[in-house]
Engineer: 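This structure is in structure tokens; I'll ask about it shortly.
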Amino acid sequence: MENGFSSPRNDAFPAGLRVLVVDDDPTWLKILEKMLKKCSYEVTTCCLATEALDLLRERKDGYDIVISDVNMPDMDGFKLLEHVGLEMDLPVIMMSVDGETSRVMKGVQHGACDYLLKPIRMKELRNIWQHVFRKRIHEVRDIESFECIEDIQMMRNGSDRYEDGHLLSGGDLTSVRKRKDFENKYDDKDFVDPSTKKVRVVWTVDLHQKFVKAVNQIGFDKVGPKKILDLMNVPWLTRENVASHLQKYRLYLSRLQKENDLKTFGGVKYSDMSQKDFPGSFGRSKPSQYAPK
DNA sequence: TAAGCAATAT
DNA sequence: AATATTGCTT
């Protein structure tokens, strides 16, 4: 039912994935290169973040994904991450020996799609193509939905239960109501296409990353749903969607913050939140034991 | 008017 | 469980 799996010419897809590896430690560089090649990826390595940035700028479309160490002499891995996110929108995986929550948090906040802890094994690398794949799926979805924006907006405003003329007074409910003529793709029989029903936004990793990117671009203290929405440039999103997500995001961050404070001793607790703790539910693997307040 | 927050609804 | 909506406050 979903597309994506039916990619026709992408039979060999995961193979040949173009990976750029950045690490100042030549040993790790070698190891990673070897492992990645074993996964039949196409590997480029470099030991400087600035060098990586040059490579990426040189051929904007020459790589599919970046794996970067966090600690590097010439440039902070986070800085690199930031540049990549802003300039070419590639998935970036961060890696580090340091699994401290605040660092992981920083990586996440800056838009890393994954955060791997060294030592890294094949196990972790075999599946990294998923980030590229996910991105492609959603690019397709974005384009598709672009044609339907108006219809979606129609539905949003039309099927509201505020028909009784209460909320409609605010004349800024866009020009949706005006256009009833052109775009004769569908007849105006008021048959709301059932395939586009509930329109609940699902915050995929990609969408979330876009969100995070926007937040960082604005600055953490100045953010508001409106600004984020504008920066994200995702046509079908509403301000309310973003507001809701922002609210959740903040809760999530403060939760991490708390855990981070409470920690510091104990043992080596959990060590990574790379995969699981992220997608729709950034965080919370245990039940809800947090003060409802 | 935009935003945040918490409760509550879907 | 995740997201939407609402009502109240700033």
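Per chain, numbering begins at 1; letters A, B, ... match sequence-line order.
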Engineer: Grab the CG-C1' distance between A:Leu246 and C:dT3 for me, whole Å please.
Structural biologist: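 Answer to the nearest Å: 14 Å.
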Engineer: Just by distance, do the side chain of A:Asp24 and the backbone of A:Pro73 share a donor-acceptor pair under 3.5 Å?
Structural biologist: no
Engineer: Which part of the nucleic acid, if any, lies within contact of A:Gln247, taking any heavy atom under 4.0 Å across all strands shown: a base, the sugar-phosphate backbone alone, or nothing?
Structural biologist: base
Engineer: Once you round it to whole Å, what is the distance between C1' of C:dA1 and CG of A:Leu251?
Structural biologist: 14 Å
Engineer: Starting from C1' on B:dA2, measure out to CD1 on A:Ile228 and report it in whole angstrom.
Structural biologist: 13 Å
Engineer: Between the main-chain N or O of A:Glu33 and the side-chain N or O of A:Tyr41, is there a donor-acceptor pair closer than 3.5 Å?
Structural biologist: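 Judged by distance alone, no pair lies under 3.5 Å.
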Engineer: Expressed as a whole number of angstroms, how long is the span from A:Tyr252:OH to B:dG4:P?
Structural biologist: 19 Å
Engineer: For the pair made of NE2 in A:His245 and C1' in B:dA3, what is the distance, rounded to whole Å?
Structural biologist: 17 Å
Engineer: Give a yes/no on whether any side-chain N or O of A:Asn241 is located under 4.0 angstrom from OP1 or OP2 of C:dT3.
Structural biologist: no
Engineer: Taking atom P of B:dG4 as reference, at what distance in whole Å does atom NZ of A:Lys226 sit?
Structural biologist: 13 Å
Engineer: Under 4.0 Å from OP1 or OP2 of B:dT1: is there any side-chain N or O of A:Arg239 that close?
Structural biologist: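 No, no such contact exists.
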Engineer: Is A:Lys213 reaching over with its side chain to a backbone N or O of A:Gly85, donor-acceptor style, under 3.5 angstrom?
Structural biologist: yes
Engineer: Among residues at least two apart in sequence or on other chains, which ones pass salt bridge (charged side-chain N to carboxylate O under 4.0 Å, His left out) with A:Arg18?
Structural biologist: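 Salt bridge (charged side-chain N to carboxylate O under 4.0 Å, His left out) list for A:Arg18, sorted by chain: A:Asp64.
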Engineer: Any sub-3.5 Å donor-acceptor pair from A:Glu87's side-chain atoms to A:Arg57's backbone N or O?
Structural biologist: no
Engineer: May I ask you to verify if any side-chain N or O of A:Arg250 is less than 4.0 angstrom from the OP1 or OP2 atom of B:dG4?
Structural biologist: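 Yes, A:Arg250 has a side-chain N/O under 4.0 Å of OP1/OP2 on B:dG4.
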Engineer: Under the salt bridge (charged side-chain N to carboxylate O under 4.0 Å, His left out) test, which residues partner A:Glu51, sequence neighbours left out?
Structural biologist: none
Engineer: With sugar-phosphate meaning primed atoms plus P, OP1 and OP2, does A:Val242 contact a base, only sugar-phosphate, or nothing at under 4.0 Å between heavy atoms?
Structural biologist: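 Touches nothing.
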Engineer: With respect to the side chain of A:Ser244, which nucleotide from B:dG4, B:dA2, C:dT3 is positioned closest?
Structural biologist: C:dT3
Engineer: Whole Å only: how far is the CD atom of A:Glu240 from the C1' atom of B:dC5?
Structural biologist: 15 Å
Engineer: Are A:Ser244 and A:Asn241 linked by a side-chain donor-acceptor pair shorter than 3.5 Å?
Structural biologist: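 Not at all, the side chains of A:Ser244 and A:Asn241 share no donor-acceptor pair under 3.5 Å.
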Engineer: Which of residues 214-221 of chain A have a heavy atom under 4.0 Å from DNA chain B?
Structural biologist: none
Engineer: In whole Å, I'd like the distance from the OH atom of A:Tyr249 to the C1' atom of C:dT3.
Structural biologist: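 Whole-Å distance recorded here is 18 Å.
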